[in-house]
Amino acid sequence: MDNKDIKILEAILFASGEPLDENDLKEKIKEKNNISKLLQEIKVFYKNRGINLIKTGNKWSFRTAEDLSDELTIFKTQKRKLSRAALETLSIIAYQQPITRSEIENIRGVQMGRGSLDHLMEIGWIRPSGRKSIPGKPTLWSTTDLFVEHFGLNSLSDLPNKDELKASGFLDKRAAIATISDLAKNDENLQSNDNLEQDDENNIDDFIQNT
Amino acid sequence: MDNKDIKILEAILFASGEPLDENDLKEKIKEKNNISKLLQEIKVFYKNRGINLIKTGNKWSFRTAEDLSDELTIFKTQKRKLSRAALETLSIIAYQQPITRSEIENIRGVQMGRGSLDHLMEIGWIRPSGRKSIPGKPTLWSTTDLFVEHFGLNSLSDLPNKDELKASGFLDKRAAIATISDLAKNDENLQSNDNLEQDDENNIDDFIQNT
Amino acid sequence: MLNVSDTEIKEGQFNLLLGNFEGPIDLLLVLARSQKVDLSDISISELADQYINFINQYRNIHIEIAADYLVMAAWLTYLKSRLLLPKEEKIDEYTADELEEALKYQLQRLEAFQNISKIIYSRPLVNRDVFYGGSSEGLKVKYNINYTSNLYDLLKSYSQILKSNEQVKQLTIEYSELYSVDQAVKRLKGIFGNITEWTNFLNVIPNLIKANKTINKSIISSNFVASLELSKNGFIDLKQDESFGNIYIKFNQYGQ
């Protein structure tokens with residue numbers, strides 16, 4: 001192989017040890033217009049080796065091959081397992097983003113376990129991404145680039161079984177059993193009917209609005 | 001290439017990032033007697049690539065091709081976390097901007113270390129934004145667009161308000177032990193509030209960190 | 001993964017069991033799977049029975065059950081009764097069929113996401129299954145400092161400030177004018193003789209001090225709790241003819 005550009009790309013990707021943006025890689029080579037083709041060539045070259053070239057989002061990196069997971073457990077640094085709740089919450093956000101907390105709760109049929117969202121955010125897999133224009137302007141949550149990278153996805157459209165879920169109507173943000181909570185609310189209303197009106201002491205302590 | 005042993009050797013040499021003893025490598029593969037032959041094969045395979053397999057003494061390692069070292073400089077980012085003091089100052093400015101230095105000190109209950117604001121300004125996350133019309137005309141501080149961008153926000157109004165912080169688990173009092181260590185950290189912080197930067201000693205585990 | 005078998009229920013670990021579920025719908029889903037048919041074919045009426053039995057058995061061993069589980073039990077009872085009725089006029093804004101459909105949808109959707117979350121987590125994860133590596137030895141390296149503090153750190157930091165500012169420095173417990181259950185029990189015992197006929201509960205409680213709603217509420221609720229206590233001990237009888245209807249109270253002359 002005599003292509004100097006390929007050698008340069010390999011060396012940089014190898015030495016950096018972290019995903020690199022295609023645009024930054026371009027800067028390093030001569031035939032800048034060839035960048036995609038060259039990267040593709042390298043990818044093919046390593047296809048069946050112990051190291052693979054992977055693209056996630058717009059970034060490229062060398063990683064150990066997927067099928068060697070069992071042989072490489074010595075390198076494993078993941079210490080804690082995600083809870084089932086956190087994992088379900090993460091998947092719902094991934095497929096339904098951007099989504100509000102109460103929409104997530106509606107799907108799971110349970111109030112968000114404490115720590116779920118902040119925990120996922122601490123790991124760096126989700127982020128707030130704007131607010132929904134409904135009363136209360138609740139925060140919308142989305143996944144991050146790090147999520148895409150960590151789960152080895154090319155992009156969000158690469159999420160497994162997405163079409164299937166869509167076809168089944170499970171990606172509609174339909175409040176399925178809003179009816180249940182409606183009922184619960186009705187009960188509340190009936191109970192407090194005996195002219196004991198509730199004080200409207202809502203606890204809104206909205207810091208941003210105060211400032 | 002169908003040789004699993006070769007794949008394993010490549011992956012281990014790649015992931016470890018440092019020279020490995022031939023005898024240790026032997027342990028990881030099936031055809032232990034083949035080790036020298038396999039390593040030789042890999043060496044030949046990478047001969048003209050951007051990455052070479054090198055033997056020094058009895059140890060093997062991948063490194064970038066020698067003929068590239070002269071012309072290639074790569075940039076690596078050194079990751080650093082803000083000190084707790086700087087982070088607190090920044091978060092107060094983010095939520096309460098525009099705000100004066102003494103107002104920040106008031107909220108934190110501690111005098112601001114010299115250079116705290118300068119440091120944040122140097123990074124480019126805060127900027128002076130006019131003066132407050134009270135005696136002394138103190139400078140008011142606000143966050144910059146770069147701040148919004150770095151923290152992955154669409155706009156400042158994306159910052160969760162107090163109720164949302166609570167709902168997302170940020171205001172949870174966790175285990176008693178955590179609370180005690182938080183208190184301990186508070187003390188620490190009071191003692192060393194001049195200490196602006198702190199190295200990567202964050203508690204987020206490597207799973208998250210190493211990427 | 002979660003297996004609710006009878007044996008599990010009979011053995012002592014039962015009281016830990018509810019903690020295995022992520023809420024009522026999750027429990028329902030596990031029960032539904034035990035019917036071993038496609039989720040769209042499950043019998044909602046049977047499912048309602050299963051759920052209510054489960055909750056009742058659970059309650060025998062472990063009194064505290066989160067309110068949302070109880071709300072679900074009540075709702076299922078309601079749904080079941082609606083399903084049993086002949087298909088008649090619309091009583092409510094939803095027909096029984098619509099409610100049944102909505103429940104099935106909710107179950108199927110949750111199941112879909114539970115499966116997805118397993119699929120996603122079984123993907124090759126960085127630092128669990130696949131690894132970055134490499135070494136920059138041999139290349140010239142220049143470093144730029146990159147501050148990695150992220151939004152999480154920022155919010156955490158701000159939350160710490162909010163928390164520490166909220167910490168109560170000194171706690172003073174103020175005198176409460178709320179009406180206590182003890183007071184109510186004493187008072188009700190004092191007027192037993194007068195309540196020989198069924199009397200509206202609201203008529204036996206002291207005049208409400210209209211100025212303060214909170215105190216009014218406390219009077220009503222402590223009298224209600226007191227009357228439950230007294231009826232449990234056999235001093236009085238209580239009755240209510242319909243849901244949310246008036247509550248009637250009567251002295252039980254055969255009581256202690």
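Note that the structure is a prediction, hence the values are computed from the model and not measured. Here is how names work: the chains are called A, B, and so on, in the same order as the sequence lines, proteins then strands, and each is numbered from 1.
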Note to self: Distance check, rounded to the nearest 0.5 Å: C:L151 atom CG versus B:F151 atom CZ?
What the structure shows: 7.5 Å
Check: Checking heavy atoms, do the side chain of B:I123, its backbone, both or neither come under 4.5 Å from chain C?
Finding: side chain
Margin query: Return the CG to OH distance between B:L165 and C:Y158, rounded to the nearest 0.5 Å.
Written below: 8.5 Å
Next item on the list: To the nearest 0.5 angstrom, please state how far the OG atom of C:S157 sits from the CD1 atom of B:I92.
Entry: 7.0 Å
Check: Quick check: does any side chain N or O of C:S149 sit under 3.5 Å from a backbone N or O of B:K81, one acting as donor and the other as acceptor?
Finding: no
Next item on the list: Starting at NE2 of B:H150, measure out to CG of C:N146 and round the result to the nearest 0.5 Å.
Entry: 6.5 Å
Check: Does a sphere of radius 6.0 Å around CG in B:D24 hold more than 12 heavy atoms from other residues, nucleotides or ligands, not counting ones at 6.0 Å or beyond?
Finding: yes
Notebook entry, point to check: Closest heavy-atom contact between C:S159 and B:F170?
Noted result: OG-CB, 3.3 Å
Next item on the list: Give, for atom CZ of B:R108 and atom CD of C:Q160, the distance between the pair rounded to the nearest 0.5 Å.
Entry: 12.5 Å
Item checked: Main-chain N/O of B:R80 paired with C:T148 side-chain donor or acceptor, under 3.5 Å -> yes
Next item on the list: Measure up the C:Y147 and B:W125 rings against each other and bin them: parallel (under 30°), tilted (30 to 60°), perpendicular (over 60°).
Entry: perpendicular
Notebook entry, point to check: Out of curiosity, B:S91 OG to C:K156 NZ, how far, rounded to the nearest 0.5 Å?
Noted result: 12.5 Å
Check: What part of B:I51 gets closer than 4.5 Å to chain C, counting heavy atoms only: side chain, backbone, both or neither?
Finding: neither
Margin query: Could you go through B:L159 and C:L155, starting from their C-alpha distance and side-chain angles, then the distance that decides it, and tell me whether this counts as side chain to side chain contact (heavy atoms under 4.5 Å, CB included)?
Written below: CA-CA 8 Å; B:L159 286 171; C:L155 298 183; 4.1 Å; yes
Note to self: Would you say that more than 12 heavy atoms from the other residues, nucleotides or ligands in this model lie under 6.0 Å from the NZ of B:K55, or not?
What the structure shows: yes
Notebook entry, point to check: Considering only heavy atoms, which portion of C:I161 lies under 4.5 Å from any heavy atom of chain B: side chain, backbone, both, or neither?
Noted result: side chain
